[in-house]
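This report refers to the structure that appears directly beneath it.
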Amino acid sequence: MKRNYVKGLIAGAMALSLAAGTPVPVSAHQAGSGNLEISVEAKEKKPEGANKPQDTKKPEDSKKPEDTKKPGKAKAQEVGKVTCTSAGKVNISFKQKVTYTDALKAVITDEAGTEIPCKITKKNKSLLTVSVSGLVKGQKYTISIEGILGKESSEAVVIKKEFTAKGMKTKCKVGNATVEGKKFVVLKMKSAAYYKDATVEVKDSKGNACDAKIVKKAKGSVKVQITGMKKGETYTITINGIRTKKEKNYGSITRTVTVK
């Protein structure tokens, strides 16, 4: 009778376990007093997939990013110093060794963008020398060098650098400076003079620029017209683009005259 009763309890416990979805271990043993003890242990059912590691990787993460890196532009070489000598030499030094191409070319322009004739006369891996004529002392110019390979690149780059001219002098010497009429000054040369793209600059005693132009040039003299010339005023006249017969480069001469 007792065994049938125990079997019934065990069967009921198992039925409840199946209904709840949780396995319930059931055991039965005979106690010392002759009573039969029944123990029921319920274990919590783990959700499906609980032991599997969660996949946190997003679908888009599986795609490799496209390589959007574009080829970089060739970097220009770093220029050290640009020096200008009175002999008509512009020296450009580089901070590292450079490589030239067959298209190597130098261009010098003034502040108005006008190109000044020049040519490359010397070059090595760290220095470039350009010969030029007609630069005016104190004025700013820009030199552009084409045909130099960029840093760690096979692509040629253009290097630009601004510099201030020292003013190239000539061996031409001015003799007398004569004032003619109310607006002309004639500069007489001590030797034969030759000109190329000659220009004139005139400043008064206060350093103000005056309206002036060359109206006549000859081997022995230069005639300059100064607008608004005043009696008692002192003018500084600079002629650019002049040389002697033996000189190769054109330079400048300067003469001061006072109107009496």
Side-chain angles (χ1 to χ4, degrees), residues 79 81-93 105-123 127-145 160-180 184-205 207-226 234-258:
V79 179
K81 293 182 179 180
V82 175
T83 58
C84 176
T85 70
S86 59
K89 304 292 184 182
V90 179
N91 297 310
I92 304 97
S93 64
K105 179 183 177 183
V107 177
I108 295 178
T109 55
D110 59 18
E111 291 183 291
T114 303
E115 185 174 333
I116 312 296
C118 67
K119 64 178 180 178
I120 296 172
T121 54
K122 183 181 178 181
K123 64 180 180 180
L127 182 69
L128 192 70
T129 300
V130 178
S131 295
V132 63
S133 61
L135 300 187
V136 181
K137 182 179 180 180
Q139 288 195 7
K140 292 182 179 181
Y141 296 87
T142 299
I143 184 166
S144 302
I145 307 297
K160 290 186 177 182
K161 189 76 173 182
E162 189 179 82
F163 67 95
T164 301
K166 284 188 174 181
M168 286 163 282
K169 298 179 180 179
T170 177
K171 292 181 180 179
C172 284
K173 302 296 180 181
V174 180
N176 296 328
T178 306
V179 177
E180 292 185 358
F184 297 103
V185 175
V186 178
L187 305 178
K188 292 185 178 180
M189 313 306 297
K190 287 186 177 181
S191 60
Y194 296 82
Y195 310 90
K196 183 178 181 181
D197 301 324
T199 59
V200 62
E201 290 184 348
V202 178
K203 292 183 178 180
D204 61 19
S205 57
N208 298 318
C210 303
D211 186 14
K213 64 180 180 179
I214 297 174
V215 294
K216 185 179 180 180
K217 54 182 182 288
K219 288 185 178 181
S221 65
V222 181
K223 189 174 185 178
V224 178
Q225 177 182 323
I226 302 174
T234 299
Y235 298 92
T236 300
I237 303 170
T238 301
I239 306 294
N240 304 302
I242 185 172
R243 68 172 177 83
T244 63
K245 186 177 181 179
K246 293 182 179 180
E247 291 179 301
K248 293 182 179 180
N249 295 318
Y250 290 85
S252 63
I253 56 172
T254 300
R255 183 62 184 265
T256 300
V257 61
T258 299

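Computation of the quantities below employed the complete heavy-atom set of this structure, encompassing side-chain atoms and omitting hydrogens, waters and symmetry-equivalent molecules.
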Would Lys223 pass as a cation-pi partner of Phe184, given that its NZ or CZ must be under 6.0 Å from the six-membered ring centre and within 45 degrees of the axis? yes

Determine the minimum heavy-atom distance between Ala198 and Gly241, stating which atoms define it. CB-O, 4.0 Å

So how far is it from Glu115 CD to Ser144 OG, rounded to the nearest 0.5 Å? 9.0 Å

Val224 and Ala212: which non-hydrogen atoms are nearest, and at how many Å? CG1-CB, 4.3 Å

In Å and rounded to the nearest 0.5 Å, what is the CG to CD1 distance from Leu187 to Ile253? 6.0 Å

Do Phe163 and Ile143 come close enough that some side-chain heavy atom pair is under 4.5 Å? yes

Say whether Glu180 and Gln225, considering side chains only, have a donor N or O and an acceptor N or O under 3.5 Å apart. no

Begin with the C-alpha distance, continue with both residues' side-chain angles, and end with the deciding distance and a verdict on side chain to side chain contact (heavy atoms under 4.5 Å, CB included) for Val222 and Val186. CA-CA 6 Å; Val222 181; Val186 178; over 6 Å; no

Going by atom types alone, do Thr109 and Thr142 pair a side-chain donor with an acceptor below 3.5 Å? no

Kindly give the heavy-atom pair with the smallest separation between Ala193 and Cys172, and that separation in Å. CB-SG, 4.1 Å

Could you tell me whether the side chain of Cys210 reaches within less than 4.5 Å of the side chain of Lys203, counting heavy atoms only? no

From Arg255 atom CZ to Asn176 atom CG, the distance as rounded to the nearest 0.5 Å: 7.0 Å

Does the side chain of Ser205 come under 3.5 Å of the side chain of Thr234 through a donor N or O and an acceptor N or O? no

Do side-chain atoms of Glu111 reach the backbone of Gln139 as a donor and acceptor pair under 3.5 angstrom? no

Do the non-hydrogen side-chain atoms of Leu127 and Asn91 ever get within less than 4.5 Å of each other? yes

Between Met189 and Ser221, what is the shortest heavy-atom contact and its length? CG-N, 4.0 Å

For a 4.5 angstrom cut-off between non-hydrogen side-chain atoms, does Ile120 reach Thr129? no

Check whether any side-chain heavy atom of Lys245 lies under 4.5 Å from a side-chain heavy atom of Tyr194, and answer yes or no. yes

Report yes or no: do Thr244 and Ser191 form a side-chain donor-acceptor pair below 3.5 Å? no

Would you give the length of the straight line joining atom NZ of Lys217 to atom CD1 of Ile242, rounded to the nearest 0.5 angstrom? 10.5 Å

Does some side-chain heavy atom of Ile108 sit less than 4.5 Å from a side-chain heavy atom of Val130? yes

For Ala106 and Cys118, which heavy atoms make the closest approach, and how far apart are they? O-SG, 3.5 Å

Which heavy atom of Ala218 sits nearest to which heavy atom of Tyr195, and what is that distance? O-OH, 2.6 Å

Beyond-backbone contact of Thr238 with Val200, side-chain heavy atoms, under 4.5 angstrom: no

Criterion side chain to side chain contact (heavy atoms under 4.5 Å, CB included) on Ile237 and Val185, from CA distance to verdict: CA-CA 9 Å; Ile237 303 170; Val185 175; 3.7 Å; yes

Of Val202, Asp204, Asp211, which is the lone residue that meets side-chain contact (heavy atoms from CB on, under 4.5 Å) with Ile226? Val202

With heavy-atom distances below 4.5 Å as the criterion, would you say the side chains of Thr254 and Ile239 are in contact? no

